[in-house]
Every structure is written in structure tokens, then in C-alpha cells.
Amino acid sequence: FADAVDASCFTASSKNKWLCDLPNLARARLARLGLKSVHGNDASPAWCTASNPERFYSHRACSGKTGRMAALIWNRLNAS
């Protein structure tokens with residue numbers, strides 16, 4: 001791991017697999033790059049793809065169906 005913050009985003013599951021808190025891992029890594037203000041997925045239930053099918057497509061929740069997903073990232077450091 002890059003540091004203790006990254007390591008804290010991973011936990012061992014009961015099936016010899018690792019679980020990752022992706023939103024917090026991404027925020028920690030972006031903060032190290034100097035991006036302090038990140039908006040969007042905060043890992044709250046509102047952002048759960050499986051429990052919000054009217055808002056998001058979830059491959060795990062909709063097995064057998066197809067779907068598309070996109071992400072947008074932009075940097076406003078030099079915006080006027």
C-alpha cells in the first residue's frame with residue numbers, strides 16, 4: 001500500500017477475499033495528487049447501484065441484462 005490511509009480502505013472478508021472501500025481509496029489518492037474537493041460518490045446508500053436500479057445499472061443486481069455506465073472527471077484548477 002502507498003500509505004496507512006490506503007491500507008485502511010481494505011478489509012479481509014470471510015471467504016479469503018479482500019473488500020475495498022473504493023470511494024475512500026480514490027479520495028485518498030486524489031488528495032495526495034493535490035485534489036482536495038471531490039464531489040459525487042460518498043459511499044452512502046444513495047450511490048449504491050444494487051439498491052437504486054431507477055438511477056443506476058448494476059450488473060450484479062440485473063444478471064443476464066446488459067447496461068452501460070460512464071464516469072466523468074474534470075479539473076477546474078485553471079477555470080476562469
Side-chain angles (χ1 to χ4, degrees):
F1 298 108
D3 63 20
V5 174
D6 281 8
S8 72
C9 293
F10 291 87
T11 55
S13 75
S14 60
K15 297 179 181 180
N16 288 333
K17 294 184 180 183
W18 287 90
L19 303 176
C20 179
D21 181 348
L22 288 174
N24 283 325
L25 180 63
R27 278 180 165 63
R29 291 183 173 189
L30 290 170
R32 279 198 303 275
L33 293 172
L35 298 172
K36 304 297 182 193
S37 179
V38 178
H39 304 276
N41 189 345
D42 59 2
S44 67
W47 290 92
C48 176
T49 59
S51 60
N52 291 301
E54 68 284 347
R55 186 173 183 194
F56 301 111
Y57 167 78
S58 173
H59 177 74
R60 291 176 295 169
C62 302
S63 59
K65 297 179 183 177
T66 62
R68 304 290 181 262
M69 185 164 191
L72 177 64
I73 299 171
W74 72 94
N75 183 341
R76 294 181 40 186
L77 292 177
N78 295 318
S80 53

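We use all heavy atoms of the structure for the numbers below, so side chains are in, but hydrogens, waters and symmetry mates are not.
- Residues V5 and D3 come closest through the heavy atom pair N-OD1, 3.0 Å.
- For S44, the side chain to side chain donor-acceptor pair (under 3.5 Å) partners are D42, not counting sequence neighbours.
- Pairs of residues two or more places apart, or lying in two chains, never qualify as side chain to side chain donor-acceptor pair (under 3.5 Å) while including a residue from residues 7-18.
- Considering only residues two or more places apart in sequence or on other chains, N24 meets the side-chain contact (heavy atoms from CB on, under 4.5 Å) condition with C9, D21, R27.
- Evaluation of the side-chain contact (heavy atoms from CB on, under 4.5 Å) rule for R29 yields D6, L25, R32 as partners, not counting sequence neighbours.
- Closest of all the heavy-atom pairs between P45 and S51 is O-OG, 4.1 Å.
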